[in-house]
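Everything quoted here is computed from the prediction, not taken from an experiment.
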Amino acid sequence: MKHISYLIVCAAVMLLTVGCNEQKGGNTYTIEGTTAFMDEGQLELTNDDGEVIDTIDVKNGKFSYSAQADSVQMYKLTVIGRDSIDVEFFTEQGTISIDMNEELMGSIVKGTVANDALQEMTNDIRPIYAKIYELEKQVRNDTAQTFDQWAIAERYNQLASELGKHIKAAAVKNAENELGYMLVSHFMDPSEDEAQLREIIDKMPQNFRERQHIKELEEMLKASEATSIGQQISDFSLDTPQGEALSVMSEVKKNKITILDFWASWCGPCRREMPFMKDLYAEYQPKGLGIVGISLDESAADWNRAIEELKLVWPQISDLKGWESAAAQMFQVRAIPYLVILDSEGKILQKGLRGEDLKEFISQQLQ
């Protein structure tokens, strides 16, 4: 099974970096496993950072292992000499049953609360990831196709979006166990998943909420209340490529709804999504859609060149301060592309939508 965070990296989503769950006094976990495809061999046990913890012998298609961990972490077992066969599990106290399988995400892990939850989520997302894997294989095997081609990139983004929905649902469902905490820690972004994060944190047991990362998340969510869905934005001005100050609200008032599109010339996913954004604008601009591009570039030359190369026709503004952009700070932007959707009065209707989810929302708003 590929690492869960890797599944999202393939969708160009920025991950949060956090520590593991500390446990006072440590806990003992025991693995009882089988490998039907291999009678004899060795497995390598690595932690979440890729460090080798131990090697485990396989005899007569079976293996066992017991150790004490001072934290609940996600470890990985890999068949030595066959790196493509691996399985991940939580070092949660108790006996963990692992049936390793050669098929993609075909291994079975169970026996503790978090590992049972992990297996349930794996079963749920396996069909989606199989489609992603086939798409990747298709591109690798055909040099005429690349992810820069719009049809391929769009299909990839659709699958990644679908995958993300399932994993976020798993985070909500498992808020009270280590799987939910891990998904929140490694996957969910306060700038995109604000409502779900509030729901999950409210469900978490108190000892989870006392962990440093959850405290930091709660502080981020508190800071983002001023730009949460339903709030009215404060007007601000940034310079156009021509060096003239442009008020955001002056543009917002021209349209029924307006998308603030945070992007940059150096952002590959941003550039790949521009054909979709241009099609969206062409279809819905006559019905009242506006877009204002807000660049996180630092180089005026790169910014202007990208606008010309991508043939962007909607207003563009920037203070050329990169991630220190005043607008990015205002909206708590931590990854791009990132969209904020406003009504004609500047009220925030939605945030973080992309691809077909964005088009469906715009269509509903402009019916």
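Using bins of under 30°, 30° to 60° and over 60° for the plane-to-plane angle, the ring pair Phe89/Tyr75 lands in the perpendicular bin. Between His213 and Tyr181, the ring-plane angle classifies as perpendicular under the 30° and 60° cut-offs.
Taking CG from Leu280 and CD1 from Ile291, the interatomic distance works out to 6.0 Å, rounded to the nearest 0.5 Å. Atoms OH and NZ, from Tyr284 and Lys256 in turn, are 12.5 Å apart once rounded to the nearest 0.5 Å. Put simply, CG on Leu296 and CH2 on Trp323 are 5.5 Å apart, with the number rounded to the nearest 0.5 Å. Put simply, CG on Leu353 and CG on Leu358 are 6.0 Å apart, with the number rounded to the nearest 0.5 Å. In this structure, OG on Ser107 lies 9.0 Å from CG on Leu77, to the nearest 0.5 angstrom. Here Thr95 contributes atom OG1 and Glu32 contributes atom CD; the two are 6.5 Å apart, rounded to the nearest 0.5 Å.
A donor-acceptor pair under 3.5 Å links the side-chain atoms of Arg271 to the main chain of Ser265, judged by distance alone. Judged purely by atom type and a 3.5 angstrom limit, Asn174 has no side-chain atom pairing as donor or acceptor with the backbone of Ala117. Using a distance-only test at 3.5 Å, with no hydrogens or angles considered, no donor-acceptor pair links the side chain of Thr28 to the main chain of Ser66. Side-chain atoms of Thr240 come within 3.5 Å of backbone N or O of Gln242 as a donor-acceptor pair. Proximity of a side-chain donor or acceptor of Asn27 to a complementary backbone N or O of Thr91 within less than 3.5 Å is detected. With hydrogens and angles disregarded, no donor-acceptor distance shorter than 3.5 Å links the side chain of Lys351 to the backbone of Phe331. A donor-acceptor pair under 3.5 Å is formed between the side chain of Ser325 and the backbone N or O of Ala327.
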Test side-chain hydrogen bond (donor to acceptor under 3.5 Å, both in side chains) applied to Gln119 and Asn115, step by step: CA-CA 6 Å; Gln119 185 61 48; Asn115 284 304; over 6 Å; no
Phe90/Met74 under side-chain contact (heavy atoms from CB on, under 4.5 Å): CA gap, chis, key distance, verdict: CA-CA 5 Å; Phe90 286 104; Met74 180 162 273; 3.7 Å; yes
Derivation and outcome, salt bridge (charged side-chain N to carboxylate O under 4.0 Å, His left out), residues Glu199 and Lys203: CA-CA 7 Å; Glu199 179 183 359; Lys203 291 180 177 179; 3.4 Å; yes
Trace of the side-chain contact (heavy atoms from CB on, under 4.5 Å) decision for Ile125 with Lys165: CA-CA 10 Å; Ile125 67 175; Lys165 288 178 183 178; over 6 Å; no
Pair Ile294-Phe236, side-chain contact (heavy atoms from CB on, under 4.5 Å): steps then yes or no: CA-CA 12 Å; Ile294 303 177; Phe236 61 94; 4.1 Å; yes
Derivation of the side-chain hydrogen bond (donor to acceptor under 3.5 Å, both in side chains) call for Gln158 and Glu162: CA-CA 6 Å; Gln158 288 173 354; Glu162 185 181 356; over 6 Å; no
From CA spacing to verdict: side-chain contact (heavy atoms from CB on, under 4.5 Å), Leu289, Asn255: CA-CA 6 Å; Leu289 173 66; Asn255 312 301; over 6 Å; no
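Taking the side chain as every heavy atom from C-beta outward, Tyr156 and Glu136 approach each other to under 4.5 Å. By the 4.5 Å heavy-atom criterion applied to side chains, Leu320 and Asp297 are counted as neighbours. Using a 4.5 Å heavy-atom cutoff, the side chains of Ile200 and Asp193 are not in contact. Ser161 places none of its side-chain heavy atoms less than 4.5 Å from the side chain of Glu356. Asn60 is listed as a side-chain neighbour of Glu40, based on a closest heavy-atom distance under 4.5 Å. Two residues are said to be in side-chain contact when any heavy atoms from C-beta on lie closer than 4.5 Å; Leu43 and Met100 meet this criterion. When side chains are defined from C-beta on, Phe208 counts as touching Glu178, because their heavy atoms get closer than 4.5 Å. Under the 4.5 Å side-chain criterion, counting only non-hydrogen atoms from C-beta, Asp48 is in contact with His186.
A cation-pi arrangement is absent between Arg126 and Tyr129 under the rule of less than 6.0 angstrom and at most 45 degrees off the ring axis.
A continuous path of ILVMFWY side-chain contacts below 4.5 Å connects Ile214 to Val172, so both sit in one hydrophobic cluster. Under a hydrophobic clustering in which Ile, Leu, Val, Met, Phe, Trp and Tyr are joined whenever their side-chain heavy atoms come within less than 4.5 Å, directly or via other members, Met277 and Val313 fall into the same cluster. If you chain together hydrophobic residues whose side chains sit under 4.5 Å apart, Ile108 and Tyr65 never meet in one group. If you chain together hydrophobic residues whose side chains sit under 4.5 Å apart, Leu104 and Leu118 fall into the same group. Phe262 and Met330 end up in the same hydrophobic cluster when Ile, Leu, Val, Met, Phe, Trp and Tyr side chains are linked at under 4.5 Å.
Ion pair Glu134/Arg155 not flagged as a salt bridge, since none of the NZ, NE, NH1 or NH2 atoms sits closer than 4.0 Å to an Asp/Glu carboxylate oxygen. Salt-bridge annotation for Glu219 and Lys215: absent, with no side-chain N of the basic residue lying under 4.0 Å from a carboxylate O of the acidic one. A salt bridge links Glu120 with Lys173: at least one charged nitrogen is closer than 4.0 Å to a carboxylate oxygen. Looking at Glu251 and Lys254, a side-chain N of the basic residue comes within less than 4.0 Å of a carboxylate O on the acidic one, giving a salt bridge.
Other residues, nucleotides and ligands place no more than 12 heavy atoms under 6.0 Å from the NZ atom of Lys253. Heavy atoms from other residues, nucleotides or ligands lying under 6.0 Å from CD of Gln364 number more than 12. Within a 6.0 Å radius of NZ in Lys278, other residues, nucleotides and ligands contribute more than 12 heavy atoms. A 6.0 Å sphere centred on CD of Glu176 holds no more than 12 heavy atoms belonging to other residues, nucleotides or ligands.
Residues Ile317 and Trp303 approach most closely at C-CZ2, 3.6 Å, considering heavy atoms. Pairing each heavy atom of Pro315 with each of Leu246, the nearest pair is CB-CD2, 4.0 Å. Nearest heavy-atom pair across Met204 and Arg209 is O-CD, 3.7 Å. What you find for Asn101 and Ile85 is that their closest heavy atoms are O-CG2, 3.8 Å. In plain terms, the two heavy atoms of Leu349 and Ile229 that are nearest each other are O-CG2, 3.5 Å. Taking each heavy atom of Met249 and Glu345 in turn, the nearest pair found is CE-O, 3.6 Å.
In summary, the side chains of Gln316 and Trp263 do present a donor paired with an acceptor at a separation below 3.5 Å, with no hydrogens or angles considered.
Listed by chain and residue number, Trp314 satisfy the ring pair (Phe, Tyr, Trp, His ring centres under 6.0 Å) test with Tyr281 (two or more places apart in sequence, or in another chain). Looking at residues two or more places apart in sequence or on another chain, you find a salt bridge (Lys or Arg N to Asp or Glu O under 4.0 Å) between Glu102 and Arg82.
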